[in-house]
There are 2 protein chains.
Amino acid sequence: MYLPEGKKARRQRAIVSELGLSPTVRTSDLARRLGVSVETVRRDIEELTQQGLVSRTYGGAAGRQLGLQPAYQEREALAVEERDAIAAKAVGLVKAGDVLMIDSGSTTARFAHALARAAIRVTVITNCFAVAQALAMNDAARVIFCPGDVSGREGGVYGSETCAFLKGFYADVTFIGASGLTVDGPTDVETGATWVKRGMIDRAERQVLLLDSSKFGRRHLERICPLDGLSDLVTDRKPDGALGERIAAGPTALHV
Amino acid sequence: MYLPEGKKARRQRAIVSELGLSPTVRTSDLARRLGVSVETVRRDIEELTQQGLVSRTYGGAAGRQLGLQPAYQEREALAVEERDAIAAKAVGLVKAGDVLMIDSGSTTARFAHALARAAIRVTVITNCFAVAQALAMNDAARVIFCPGDVSGREGGVYGSETCAFLKGFYADVTFIGASGLTVDGPTDVETGATWVKRGMIDRAERQVLLLDSSKFGRRHLERICPLDGLSDLVTDRKPDGALGERIAAGPTALHV
DNA sequence: ACGTTTTAGAGGAAAGTACCACATTATTAG
DNA sequence: CTAATAATGTGGTACTTTCCTCTAAAACGT
């Protein structure tokens, strides 16, 4: 229609499109609907999986969920235990009736799930689809979503609209994630995300950083805030060396 | 911890929680991780499916995607063909460079997918997760998401924040769905959704209603707008009787 | 403490998938 | 037009899951 691509490409687009509407499709169904053999569909799914467009399942394929990073599988598999422990610990910092701001990120998404399980009555302001999804099912939580430009890669919204929106609220606690943490403070790779994190930090009484220990000492493009700008750090291991000392000396409470 | 529920409930919550993080889980994996038999997990998934919390798949379960109605399966299966045809037709109303507002709903979600496939350069303002997800992968589209209260059931955001946000924009075309259409105009069941639809209609030059023919003549709680308030109606069959005459006589263009 | 109900596990037949190697059919390039 | 290459279909085996019934154990109320 638009590009004279082969029928293979069209078929694969049809699969991805189908996946956007129902969370899961079965290989046999697709084969029937597309008028090709099961083997062909399997090979298509194989390719799409390698491109990261769908994720393969037993009887077929599942669509990438909005809010889950593409490389989620590997990135996450390594530190599931640690992150769950961090998430559980962080839930302890939440009281009934609190207003929370929750940043985008895989660790914060885990935290949102733990929070949903705990069924504490809270109001959550977030820019992250995964967080919204985690808490949406829960009647105990009211979720306010931020406006902004949708980033499929990050699974959230960013930009000036997002930052401006945050200024209209005041929260008890902000929970953020980061890609790295040094004595200078937490750092991240994405500029857009960094501004949102700063915005959330500014509008809350307490600022909690959720971080697994593999991020210690890693420095990235942008610093989010000074180390003293955080009221709490929740992690899975006590940081060593200069970072450990600096935290011990500073105002930031450490939760392991 | 919070409620002394049985281990069954805890197990099922663990499943739902797991599903929030990875788009799909396998029965056998869950059985191993939870330390129970496969049969037990299958029964759990069965129950959760009936509650609409997860959707069952061949080898396990998939998480409900944010933006897909719970009863999606049945509601959609009936009219997939019709809706795709409607969606394809509606894409024809879009020009490169247009600014669009897209409402939440299953038909509009289909439309968003068709739009993504067409790869037309557009800016889209939406309050619907499914729409955002459909277009997020597409580099051709810039997607601006509205703020508001998250409704897990509807798969979008609603409320005064949403309506206020819409007032800050002006679009070339608005695409909305509805639960019913009578000579008085389109109607819907949800009050919150209705206000958002109205807001989108007010801020656009053209107002397009996407509707499959099964909705003709059905009236619901709230009227969205008068019939004359719509510039276009895209559907799969010419409406008969009074409704058909009324449309032919009015200013609304009919696309079949 | 007792009996009832709920919940979990075992086993086996039936069905559906995966996976592999090879044949066949488009598609493309020269 | 023909040869090379990519894409697709076929057949058969091994594996996984489903689904059923029945039994064991745990939880529950009285």
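Remember, it's a predicted structure, so these values are computed and weren't measured experimentally. The chains referred to below are lettered A, B, ... by the order of the sequence lines, with proteins before strands, and numbering in each begins at 1.
Residues satisfying the salt bridge (Lys or Arg N to Asp or Glu O under 4.0 Å) test with B/Lys238, not counting sequence neighbours, are none. Residues satisfying the side chain to side chain contact (heavy atoms under 4.5 Å, CB included) test with B/Ser37, not counting sequence neighbours, are B/Glu39, B/Thr40. With sequence neighbours left out, A/Phe175 forms a ring-ring contact (aromatic ring centres under 6.0 Å, His included) with A/Phe111. Listed by chain and residue number, B/Val99, B/Met101, B/Ala204 satisfy the side chain to side chain contact (heavy atoms under 4.5 Å, CB included) test with B/Ala171 (two or more places apart in sequence, or in another chain). For the salt bridge (Lys or Arg N to Asp or Glu O under 4.0 Å) test, residues two or more places apart in sequence or in another chain that qualify with B/Arg206 are B/Asp232. Taking the side chain to side chain contact (heavy atoms under 4.5 Å, CB included) definition, one finds that A/Val189 meets it with A/Ser179, A/His220, sequence neighbours left out. Taking the side chain to side chain contact (heavy atoms under 4.5 Å, CB included) definition, one finds that B/Glu46 meets it with B/Arg56, sequence neighbours left out.
End-to-end axis angle for the helix from C/dA1-D/dT30 to C/dG30-D/dC1, using five pairs per end and rounding to 10°, comes out at 50°.
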Quick one: which protein N/O atoms are closer than 3.5 Å to N/O atoms of nucleotides 16-19 of chain C? Pair and distance per line, please.
{"from": "C/dG16", "atom 1": "O4'", "to": "B/Tyr58", "atom 2": "OH", "distance (Å)": "3.2"}
{"from": "C/dG16", "atom 1": "O3'", "to": "A/Arg26", "atom 2": "NH2", "distance (Å)": "3.4"}
{"from": "C/dT17", "atom 1": "OP1", "to": "A/Arg26", "atom 2": "NE", "distance (Å)": "3.2"}
{"from": "C/dT17", "atom 1": "OP1", "to": "A/Arg26", "atom 2": "NH2", "distance (Å)": "2.6"}
{"from": "C/dT17", "atom 1": "OP1", "to": "A/Ser28", "atom 2": "OG", "distance (Å)": "2.9"}
{"from": "C/dT17", "atom 1": "O3'", "to": "A/Tyr58", "atom 2": "O", "distance (Å)": "3.1"}
{"from": "C/dA18", "atom 1": "OP1", "to": "A/Tyr58", "atom 2": "O", "distance (Å)": "2.1"}
{"from": "C/dC19", "atom 1": "OP2", "to": "A/Arg42", "atom 2": "NH2", "distance (Å)": "2.3"}
{"from": "C/dC19", "atom 1": "OP2", "to": "A/Arg56", "atom 2": "NH2", "distance (Å)": "2.9"}
{"from": "C/dC19", "atom 1": "N4", "to": "A/Glu39", "atom 2": "OE2", "distance (Å)": "3.4"}

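For the pair B/Asp44 CG and D/dT18 P, the interatomic distance rounds to 13 Å; values are reported in whole Å. Look at CD on B/Gln12: it is 13 Å from C1' on C/dT6, rounded to the nearest Å. Atom CG of A/Leu30 and atom C1' of D/dT8 are 16 Å apart (whole Å). Atom pair A/Arg10:CZ and D/dA7:P shows a separation of 15 Å (rounding to whole Å applied).
Not one side-chain nitrogen or oxygen of A/Ser37 sits closer than 4.0 Å to the OP1 or OP2 atom of D/dT8. Side-chain nitrogen and oxygen atoms of B/Arg43 include none within less than 4.0 Å of the OP1 or OP2 phosphate oxygen of C/dG9.
The aromatic ring centres of A/Phe129 and B/Phe145 sit less than 6.0 Å apart.
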